Protein chains: 2
Amino acid sequence: MRDYGPGHRRCCGVGRGRGGGRGALVEPAALAALVSSSGHGYDLRRVIEELTDGEILVDAGGLYRVLRRMEEEGLVTSNWAEGESGPQRREYQLTEDGRELAAHWVAHLRERERLASVLSDALESALGSEKTEK
Amino acid sequence: MRDYGPGHRRCCGVGRGRGGGRGALVEPAALAALVSSSGHGYDLRRVIEELTDGEILVDAGGLYRVLRRMEEEGLVTSNWAEGESGPQRREYQLTEDGRELAAHWVAHLRERERLASVLSDALESALGSEKTEK
DNA sequence: ACAACTATATGCGGTTCACATCTAGATGTC
DNA sequence: GACATCTAGATGTGAACCGCATATAGTTGT
């Protein structure tokens, strides 16, 4: 159901479960983190946060899911870190495929950036010209 | 929505069913079209295409779904066009709420644009600095 | 003993979207 | 007439994304 509660209005697809709210960001964010420093999942969250100046905070559960999927797809490899104290860690490394995909993501994100720009320009000018004709 | 052509395997979340591939674009695109010219659904597709210089092509089925959902939410109103030849047309008009939401979408799209920019910058610089150290 | 933190993982549900398919009226062609 | 095609609206299906909650362990601090 689409009940956002009383007096609480839905705005621009922001909210729980809105998968497409920002588009697929977790995968490219994970790739970015892994390109700059391989490591374990929990830490990658911090790397992502740092890389993006705190703009992008990924959900831990979602990140683990994405990492496992990427492993299935041969984009990363993992192994349990040995001889360490603390909880078990699964260390991830990028594969060559993963590195290639990361490069593709750059172009893809630029394209997405442009689409958002084109659309917001269109919206803005439409709203603007409407005002003048009133 | 967009035709990525044949022979394009999974890359950067492009493909069927990837809901979040580019984020929610149909709703804001529909709003943009309706701000600049109210009309019926099938025609709004063309308006969207024109507004975005052919960059954004929405799926007809998806557009109708979005329009009906927006009507449920009070963002648009519709009525069957009368006294016309051809197939029945449902004419849509923006409500005041819809106009407000359109304005919100501008800011939201700008934010999304920035996020994509931040992330692609991060990815690019990570890939770049990796190359130098090799 | 208990709380808090690190680390990995699953469950759940809502949402977006592309592709295929369906109905139906209008129009054109052979 | 039979047919293909275009316009117009609509549903079915299923993949994928994501936020939030919760579960499980080990570690560290009080």
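All figures in this text were calculated on a predicted structure; none of them were measured in a lab. Labels below follow one simple rule: chain letters A, B, ... track the order of the sequence lines, proteins then strands, and each chain is numbered from 1.
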Exercise. Heavy atoms under 4.0 Å, any strand shown: does B:Arg46 hit a base, just sugar-phosphate, or nothing?
Worked result: sugar-phosphate
For this session: Looking at every strand, decide which applies to A:Gly41 at a 4.0 Å heavy-atom threshold: base, sugar-phosphate, or nothing.
Result: sugar-phosphate
Give a yes/no on whether any side-chain N or O of [X] is located under 4.0 angstrom from OP1 or OP2 of [N].
| X | N | result |
| --- | --- | --- |
| B:Tyr42 | D:dG9 | no |
| B:Arg89 | D:dA8 | yes |
| A:Arg68 | C:dT10 | yes |

Seminar exercise, completed: The reported gap from CZ in A:Arg89 to CG in A:Asp43 (rounded to nearest 0.5 angstrom) is 6.5 Å
Would you mind reading off the distance between [X] atom [atom1] and [N] atom [atom2], rounded to a whole angstrom?
| X | N | atom1 | atom2 | answer |
| --- | --- | --- | --- | --- |
| A:Arg112 | C:dT16 | CZ | P | 15 Å |
| A:Arg90 | D:dT24 | CZ | P | 19 Å |
| B:Arg45 | D:dA10 | CZ | P | 14 Å |
| B:Asp59 | C:dC17 | CG | C1' | 8 Å |

Exercise. Looking at side-chain heavy atoms only, is the closest gap between B:Pro28 and B:Leu109 below 4.5 Å?
Worked result: yes
For this session: Determine, for B:Arg114 against A:Glu55, whether the closest basic-nitrogen to carboxylate-oxygen distance falls under 4.0 angstrom.
Result: yes
For this session: Nearest-nucleotide wise, let me know which of B:Gly62 and A:Tyr64 is further upstream toward the 5' end of DNA chain C.
Result: A:Tyr64
Exercise. Considering heavy-atom distances to DNA chain C, does B:Gly61 or B:Val66 have its closest nucleotide positioned more toward the 5' end?
Worked result: B:Val66
For this session: Check the pair B:Arg46, B:Glu49 against salt bridge (charged side-chain N to carboxylate O under 4.0 Å, His left out), reporting the backbone distance first and the verdict last.
Result: CA-CA 5 Å; B:Arg46 280 196 291 267; B:Glu49 192 178 348; over 6 Å; no
Out of [options], which has the shortest distance to the side chain of [X]?
| X | options | answer |
| --- | --- | --- |
| A:Ala24 | C:dT8, D:dC17, D:dG9 | D:dC17 |
| B:Tyr92 | C:dA7, D:dC20, D:dA10 | D:dA10 |
| A:Leu25 | D:dC18, C:dT8, D:dG9 | D:dC18 |

Problem set entry | From CA spacing to verdict: salt bridge (charged side-chain N to carboxylate O under 4.0 Å, His left out), A:Glu50, A:Arg45 | CA-CA 9 Å; A:Glu50 286 163 22; A:Arg45 291 181 69 209; over 6 Å; no
For this session: Establish whether the base of D:dG9 is bridged to the side chain of B:Arg65 by a donor-acceptor pair shorter than 3.5 Å.
Result: no
